[in-house]
Amino acid sequence: MTSMPASERIGSPIKRAEQALSAAKNAALKPAGVTVPQYAALLFLTEHPGISAAALARLCGVTPPTMNTVLTNLQDRGLVERTPHEWHKNVLETRLTEKGAAVMRDADARAVRVERALATGFTTQERATLMELLDRCADLLDAIRPE
């Protein structure tokens, strides 16, 4: 016997939704030749060219070693380039290559289709409420996480 019935737990439906979204995006992104973590890196590199791997990891919600693996794979495929920062030589700036930008455009169109299909299941107000509630969940969990 557990101290909390499964039907009262919030984490299970959140995890189920996250897994379903990840599966849908992985399937959509497969023809573009990228995974969801690679797509996330490309997306944030589009918005923040020159960002460091550590900052990119924070934006993507992964550990720095995981991001380094993602970036190495993208670099090996010629989708990103990493060069030393002008002032901080031990910091590598990461930018999309032309090939990376082309892959990103294809991948983004595919990912946006998944996002839009999901959004159609909710009214504008429901989407706003859902996003607020998910943000609150993240904030509450961040507050109770041991350091």
Listed by chain and number, what are the side-chain contact (heavy atoms from CB on, under 4.5 Å) partners of [X], not counting sequence neighbours?
X      : value
Lys99  : Leu79, Thr97
Thr69  : Asn73
Glu115 : Lys25
Glu47  : Leu43, Phe44

Listing request: all salt bridge (Lys or Arg N to Asp or Glu O under 4.0 Å) pairs with a residue in residues 100-112, at least two apart in sequence or in separate chains.
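Passing the test, one end in residues 100-112: Asp106-Arg110.
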Which residue pairs pass the salt bridge (Lys or Arg N to Asp or Glu O under 4.0 Å) test with at least one member in residues 3-23, sequence neighbours excluded?
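Listed by first then second residue: Lys15-Glu18.
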Nearest heavy atoms of [X] and [Y], plus distance in Å:
X      : Y     : answer
Val114 : Ala28 : CG2-CB, 3.6 Å
Val103 : Ala32 : CG1-O, 3.8 Å
Thr94  : Leu45 : O-CD2, 3.3 Å

Would you please name every residue forming a side-chain hydrogen bond (donor to acceptor under 3.5 Å, both in side chains) with Glu132, sequence neighbours left out?
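In terms of side-chain hydrogen bond (donor to acceptor under 3.5 Å, both in side chains), with neighbours along the sequence ignored, Glu132 is linked to no residue.
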Suppose we screen for side-chain hydrogen bond (donor to acceptor under 3.5 Å, both in side chains). Which residues come up paired with Arg127, at least two apart in sequence or across chains?
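Once residues adjacent in sequence are excluded, the partners of Arg127 under the side-chain hydrogen bond (donor to acceptor under 3.5 Å, both in side chains) criterion are Thr124.
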May I ask you to decide whether Arg145 forms a salt bridge with Asp142, counting only side-chain N to carboxylate O separations under 4.0 Å?
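Between Asp142 and Arg145 there is a salt bridge, with a charged N closer than 4.0 Å to a carboxylate O.
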To the nearest 0.5 Å, how far apart are [atom1] in [X] and [atom2] in [Y]?
X      : Y      : atom1 : atom2 : result
Glu126 : Leu133 : CD    : CG    : 11.5 Å
Arg95  : Thr83  : CZ    : OG1   : 6.0 Å
Arg136 : Thr129 : CZ    : OG1   : 10.0 Å
Thr46  : Ile51  : OG1   : CD1   : 11.5 Å
Ile10  : Cys137 : CD1   : SG    : 6.0 Å
Gln75  : Arg82  : CD    : CZ    : 6.0 Å

Quick check: does any side chain N or O of Arg77 sit under 3.5 Å from a backbone N or O of Gly33, one acting as donor and the other as acceptor?
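The answer is yes, because a donor-acceptor pair under 3.5 Å joins these two groups.
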Nonpolar side-chain network containing Val112, other nodes, edges under 4.5 Å:
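Via sub-4.5 Å side-chain contacts, Val112 links to none.
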May I ask you to list the residues sharing a hydrophobic cluster with Leu141, side-chain cutoff 4.5 Å, ordered by chain and number?
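Cluster partners of Leu141: Ile144.
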Listed partners of Arg116 passing salt bridge (charged side-chain N to carboxylate O under 4.0 Å, His left out), at least two apart
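Expected list: none.
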Would you say the side chain of Leu92 lies within less than 4.5 Å of the side chain of Pro84, judging by non-hydrogen atoms?
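They are in contact (side-chain heavy atoms under 4.5 Å apart), so the answer is yes.
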Return a table of donor-acceptor pairs under 3.5 angstrom between the side chains of residues 52-63 and protein atoms on other chains or two or more places apart.
{"residue": "Ser52", "atom": "OG", "partner": "Ala55", "partner atom": "N", "Å": "3.2"}
{"residue": "Thr63", "atom": "OG1", "partner": "Thr66", "partner atom": "N", "Å": "3.3"}
{"residue": "Thr63", "atom": "OG1", "partner": "Thr66", "partner atom": "OG1", "Å": "2.9"}

Check for me, please, whether Met131 and Leu140 land in the same ILVMFWY cluster - side-chain distances under 4.5 Å, paths through other members count.
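Different hydrophobic clusters.
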